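So the structure is just underneath, and the comments pick up after that.
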2 protein chains.
Amino acid sequence: MPESPWDIYLRNCPCRDVLDLLANKWTALVLGALSRRPHRFGELRRAVGGISQKMLTQNLRALERDGLVTRTVFPTTPPTVEYALTERGSSASKLLMAVSEWSVANFDGILESRKGYDSRVMEPVG
Amino acid sequence: MPESPWDIYLRNCPCRDVLDLLANKWTALVLGALSRRPHRFGELRRAVGGISQKMLTQNLRALERDGLVTRTVFPTTPPTVEYALTERGSSASKLLMAVSEWSVANFDGILESRKGYDSRVMEPVG
DNA sequence: CGGAATCCACTACGATACTG
DNA sequence: CAGTATCGTAGTGGATTCCG
């Protein structure tokens with residue numbers, strides 16, 4: 001079995017830019033936060049932690065464009081904007097939550113692996 | 001319930017660089033290919049499609065360092081190097097395969113969403 | 001508050017050439 | 001074949017400033 005049709009399809013398919021959105025540094029964290037409840041912009045920024053306003057804006061725009069989150073503006077002063085998951089975003093978030101949890105669960109083992117690798121690769125330099 | 005302990009933990013935890021590895025443009029594709037069978041370098045490059053040799057090398061090193069793939073060198077000429085999943089890599093690949101499949105399954109709907117978004121955002125310019 | 005716009009450093013990444 | 005090394009470019013992403 002040299003190659004499955006699925007592989008070939010995925011490799012040639014423009015849908016890979018969807019995968020790129022999900023496999024983004026921030027997407028898992030953003031969707032994870034929104035999966036618990038809708039957030040306002042600044043609130044979401046704090047919830048994610050470490051993301052600049054620019055990146056968060058960019059990510060949210062992409063997510064909104066692809067129909068994973070909704071953006072609702074309340075005409076108050078100062079402005080209030082609320083981001084929430086759509087049905088589609090919710091289903092994506094479930095997958096990405098699993099990935100996040102895997103990261104946490106396997107972190108210790110991975111640290112061990114790194115130690116071994118680094119000591120093997122970086123021979124004594126003196 | 002303002003914030004779960006899990007959120008706080010994930011936000012402050014260095015394990016986020018593990019998430020960064022998984023949420024990488026290429027990781028899902030590489031692990032996906034390796035999940036079917038071990039691959040040699042060039043073979044893997046073709047299987048993934050569109051990745052430069054440099055990027056593939058970098059990714060494989062990171063994956064090896066974190067104990068997700070093994071790298072086996074056979075002292076033949078020309079050299080043969082085989083990459084395969086570890087137990088840990090296999091468990092990660094299962095999650096990422098689900099993400100890939102989600103991308104394929106939701107691609108059409110997402111395209112629709114984009115069309116709507118773009119026509120809404122980009123007003124007639126003339 | 002929730003952005004958009006500008007500036008700028010960094011580095012990601014591809015193309016090319018060379019090695020074992 | 002499976003890399004490493006070097007270079008150049010294009011984009012990522014932070015800091016800052018300004019606006020509704």
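Quantities reported herein were computed from a predicted structural model and do not represent experimental measurements. Residue numbers begin at 1 in each chain, while the letters A, B, ... track the order of the sequences.
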Checklist outcome for this item: In this structure, CZ of A:Arg40 is separated from OG1 of A:Thr80 (nearest 0.5 Å) by 4.0 Å
Checklist entry - For A:Asp66, does its backbone N or O pair with a side-chain atom of A:Arg88 as donor and acceptor, under 3.5 Å? => result yes
Item to check | Out of C:dG3, D:dG14, D:dA2, whichever nucleotide has its closest atom nearest the side chain of B:Phe41 | outcome: D:dA2
Item to check | Worked check of side-chain contact (heavy atoms from CB on, under 4.5 Å) between A:Leu19 and B:Val104 | outcome: CA-CA 8 Å; A:Leu19 182 57; B:Val104 173; over 6 Å; no
Item to check | Atom-pair distance (CG on B:Asn59; P on D:dA2), nearest Å | outcome: 17 Å
Next on the checklist: In whole Å, I'd like the distance from the CD atom of B:Glu82 to the C1' atom of D:dC1.
Outcome noted: 14 Å
Return the polar atom pairs (N/O with N/O) between nucleotides 15-20 of chain D and the protein under 3.5 Å, or none.
none

Checklist entry - Reckon A:Tyr83 touches a base, only the sugar-phosphate, or nothing at all at heavy-atom distances under 4.0 Å? => result sugar-phosphate
Checklist entry - B:Trp26 CH2 to C:dC13 P: how many Å, rounded? => result 9 Å
Next on the checklist: Between A:Glu43 and A:Arg37, does any NZ, NE, NH1 or NH2 come within less than 4.0 Å of an OD or OE carboxylate oxygen?
Outcome noted: yes
Could I get a table of every N or O pair under 3.5 Å where one atom is in the protein and the other is in nucleotides 10-12 of chain C?
none

Checklist entry - For B:Arg45, which contact category applies under a 4.0 Å heavy-atom criterion: base, sugar-phosphate, or nothing? => result nothing
Item to check | A:Arg40 side chain near C:dG2 phosphate (N/O to OP1/OP2, under 4.0 Å) | outcome: yes
Checklist outcome for this item: Separation between CG (A:Leu68) and CD (A:Glu87), nearest 0.5 Å, reads 12.0 Å
Checklist entry - Taking NZ, NE, NH1 and NH2 as the nitrogens, is one of them in A:Arg114 or B:Asp17 under 4.0 Å from a carboxylate oxygen of the other? => result yes
Checklist entry - What integer distance in Å separates B:Leu44:CG from D:dA2:P? => result 10 Å
Next on the checklist: Less than 4.0 angstrom between a side-chain N/O of B:Arg61 and OP1 or OP2 of D:dA2, yes or no?
Outcome noted: no
Checklist entry - DNA chain D: A:Ile51 or B:Thr57, which has the more 5' nearest nucleotide? => result B:Thr57
Next on the checklist: Please determine whether a side-chain nitrogen or oxygen atom of A:Arg71 lies at a distance below 4.0 Å from atom OP1 or OP2 of C:dG2.
Outcome noted: no
Item to check | Length of the line joining A:Leu56:CG and C:dG2:P, which is rounded to integer Å | outcome: 10 Å
Checklist entry - Among the clusters formed by ILVMFWY side chains lying less than 4.5 Å apart, do B:Val73 and B:Tyr83 turn up in the same one? => result yes
Checklist entry - What integer distance in Å separates B:Glu43:CD from D:dG3:P? => result 13 Å
Checklist entry - Between A:Ile110 and B:Arg65, is a side-chain contact (heavy atoms from CB on, under 4.5 Å) present by the stated rule, with each step listed? => result CA-CA 8 Å; A:Ile110 286 177; B:Arg65 186 167 107 104; over 6 Å; no
Checklist entry - Do B:Ser119 and B:Lys115 meet the criterion of a side-chain donor-acceptor pair at a distance under 3.5 Å? => result no
